[in-house]
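Proteins get letters first, then strands, A, B, ... in listed order; numbering begins at 1 in each.
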Amino acid sequence: MAPVAPRSGDAIFANIERVNAELFTLTYGAIVRQLLTDLEEVEEVNKQLEQMGYNIGIRLIDEFLAKSNVSRCVDFRETADVIAKLVCSISDALSISLSGLEQQCNVVGFKMFLGVTASVSNWDAEGTCCSIILEDNPLVDFVELPDTCQGLYYCNMLSGVIRGALEMVSMKTEVTWIRDVLRGDDVKLLKQVPEEYPYKDDECFMLKKIKISKHLFKDT
Amino acid sequence: MIGVGKIKQYTNVLDKPLTKGKQEVSLSAFAFLFSELVQYNQTQVDNIGELERRLEDAGYAVGARVLELLCHRDKGNRRETRLLGILSFVHSTVWKVLFGKVADSLEKGTEHEDEYMISEKELLVNRFISIPKDMGTFNCGAFVAGIVRGVLDGAGFPAVVTAHFVPVEGQQRPRTTILIKFAEEVLHREARLG
């Protein structure tokens with residue numbers, strides 16, 4: 001059976017049920033407000049937002065994999081791509097010449113869930129670290145950070161989502177915010193995803209195993 | 001040389017142009033977010049009444065903002081001042097913007113003068129939620145009740161708004177009814193206005 005081609009983020013987004021982005025934005029704002037009232041410490045709120053995002057991410061990855069037909073990502077670059085597709089839509093063309101599939105992945109995810117485009121860039125030499133750029137982020141419509149909350153990463157839930165989703169596919173990552181429009185930087189939001197591979201060796205080993213057994217079958 | 005176009009940066013969020021309200025996110029993204037909201041609140045409270053109150057408070061904030069946004073964008077800065085006007089605003093405009101369709105029905109309560117009910121076969125927020133038996137009559141529609149209360153309060157119609165499940169014959173899942181009970185002063189004002 002021929003493998004199903006991965007669907008583009010736009011195609012998936014057109015087929016799933018959608019809700020008004022403003023309801024989403026306002027609900028997210030209500031959550032952040034509740035957290036600020038309860039916890040009062042900005043650092044605590046950041047952590048809690050990340051944790052909530054993590055909880056979402058570990059469940060979201062199932063839906064994403066089911067709906068987008070992306071094949072297994074061979075390495076981290078592919079994954080980063082899938083994620084950007086996962087969360088947002090991309091604005092700039094990817095300048096990295098790695099397998100287009102991975103880069104596609106990041107783009108697919110963001111488009112599929114938030115309806116926005118994201119791009120992946122700034123790969124470091126080893127291919128373990130990259131930045132995801134969100135052109136426009138539905139979470140921050142109508143939002144302004146007051147002076148008392150300047151340390152707040154308002155969109156920290158997104159980093160948690162990415163971390164949770166990646167962990168379910170055996171990749172331990174760390175997601176941080178580099179630049180944030182709400183904090184006064186003039187550029188679009190950026191994220192950097194350095195990554196460690198605690199399980200990568202096992203993964204590779206498994207892949208190799210499968211290849212070997214296929215070969216044996218052919219002989220017999 | 002033609003100047004390169006630069007994206008205009010807005011330092012003040014109030015200077016940014018308002019979105020048209022046509023942008024959408026996936027239903028699952030919202031469902032995940034709402035489930036996190038409920039789960040977080042569950043850890044913060046001891047009983048169901050508190051949980052409903054917290055969800056309502058969250059909704060209240062949303063409602064207050066929705067009122068301002070819609071009045072400015074869709075109604076040309078005019079706000080309803082009559083009871084029936086504001087109720088149909090909630091029932092049609094607010095529901096259409098937030099949930100993509102008008103509410104199923106708007107009824108006047110038969111027993112009391114100050115009660116009105118908005119019914120919905122399946123609230124969007126309740127779609128992926130099942131209530132365990134030991135939580136009794138808890139309804140996550142309290143969030144939507146909060147939204148309605150926020151809209152009404154902001155418009156000058158103080159009310160007590162609650163969400164209830166109403167079992168319907170022939171349907172597996174019960175219908176949800178948002179019960180709105182207006183404060184005394186609203187009725188007096190309405191009577192005075194004739």
Side-chain angles (χ1 to χ4, degrees), chain A residues 12-13 15-35 37-39 48-49 51-57 59-60 62-64 67 87 91 110-116 135-136 138-145 157 160-161 181-182 184-188, chain B residues 6-16 18-41 43-45 54-66 68-70 73 94-100 124-125 127 143-144 146-147 150:
Chain A
I12 306 171
F13 195 62
N15 285 338
I16 57 178
E17 283 187 64
R18 299 187 290 281
V19 298
N20 190 318
E22 277 160 8
L23 176 62
F24 185 75
T25 310
L26 291 173
T27 308
Y28 186 75
I31 292 179
V32 177
R33 239 192 327 273
Q34 265 196 340
L35 286 175
T37 327
D38 292 338
L39 299 172
Q48 184 69 33
L49 277 176
Q51 182 59 36
M52 287 166 91
Y54 179 80
N55 293 339
I56 292 180
R59 295 158 65 194
L60 187 130
D62 284 331
E63 181 174 352
F64 172 67
K67 292 214 165 117
V87 184
S91 47
F110 271 96
K111 181 74 191 172
M112 187 174 146
F113 286 101
L114 288 191
V116 291
E135 259 298 306
D136 75 291
L139 291 179
V140 301
D141 283 341
F142 319 131
V143 177
E144 190 178 44
L145 282 186
M157 196 178 274
V161 171
V181 162
L182 286 183
D185 301 313
D186 54 348
V187 181
K188 327 145 212 192
Chain B
K6 200 173 127 185
I7 304 170
K8 190 163 174 201
Q9 300 299 336
Y10 294 98
T11 44
N12 187 349
V13 68
L14 293 172
D15 291 332
K16 270 172 78 172
L18 261 190
T19 56
K20 290 264 189 324
K22 293 280 185 299
Q23 218 196 348
E24 293 179 312
V25 298
S26 73
L27 172 63
S28 49
F30 176 71
F32 278 122
L33 189 70
F34 187 70
S35 88
E36 278 306 311
L37 173 66
V38 177
Q39 282 178 58
Y40 169 73
N41 280 309
T43 63
Q44 299 286 319
V45 301
R54 285 183 70 106
L55 282 184
E56 247 198 58
D57 287 343
Y60 183 85
V62 175
R65 286 155 180 78
V66 158
E68 294 300 331
L69 179 69
L70 291 183
R73 190 168 65 198
V94 175
W95 234 256
K96 188 122 209 316
V97 166
L98 291 183
F99 307 122
L124 187 78
V125 299
R127 217 167 120 174
F143 182 70
V144 178
I147 295 182

>> Please check this pair: side chain of Asn20(A) against backbone of Leu98(B), looking for a donor-acceptor N/O pair closer than 3.5 Å.
In response: no
> Without hydrogens or angle criteria, can the side chains of Asn41(B) and Gln34(A) be said to hold a donor-acceptor pair below 3.5 Å?
Replying inline: yes
>> If the condition is ring-ring contact (aromatic ring centres under 6.0 Å, His included), which residues does Tyr54(A) pass it with, not counting sequence neighbours?
In response: none
> Which answer fits Gln51(A), side chain, backbone, both or neither, if we ask what part of it has an atom under 4.5 Å from a heavy atom of chain B?
Replying inline: neither
> What part of Arg33(A) lies closer than 4.5 angstrom to a heavy atom of chain B: side chain, backbone, both or neither?
Replying inline: side chain
Can you check whether [X] reaches [Y] side chain to side chain, under 4.5 Å on heavy atoms?
| X | Y | result |
| --- | --- | --- |
| Tyr40(B) | Ile31(A) | no |
| Asn55(A) | Phe32(B) | no |
| Val19(A) | Phe99(B) | no |
| Ser26(B) | Glu63(A) | no |

Atom pair [atom1] ([X]) and [atom2] ([Y]), whose distance is rounded to the nearest 0.5 Å:
| X | Y | atom1 | atom2 | value |
| --- | --- | --- | --- | --- |
| Glu36(B) | Ile56(A) | CD | CD1 | 4.5 Å |
| Leu23(A) | Phe30(B) | CG | CZ | 4.0 Å |
| Thr25(A) | Arg65(B) | OG1 | CZ | 12.0 Å |
| Tyr28(A) | Leu33(B) | OH | CG | 8.0 Å |

> Do you know which two heavy atoms are closest between Met52(A) and Leu37(B), and how far apart they sit?
Replying inline: CE-N, 4.3 Å
> Which atoms form the tightest heavy-atom contact between Ala58(B) and Ala30(A), and what is the distance?
Replying inline: O-CB, 3.7 Å
> Which is it for Glu22(A) and Val62(B) under the side-chain contact (heavy atoms from CB on, under 4.5 Å) test, yes or no, and what are the steps along the way?
Replying inline: CA-CA 10 Å; Glu22(A) 277 160 8; Val62(B) 175; over 6 Å; no
> Does any heavy atom of chain A fall under 4.5 Å from the side chain of Phe143(B), the backbone, both, or neither of them?
Replying inline: side chain
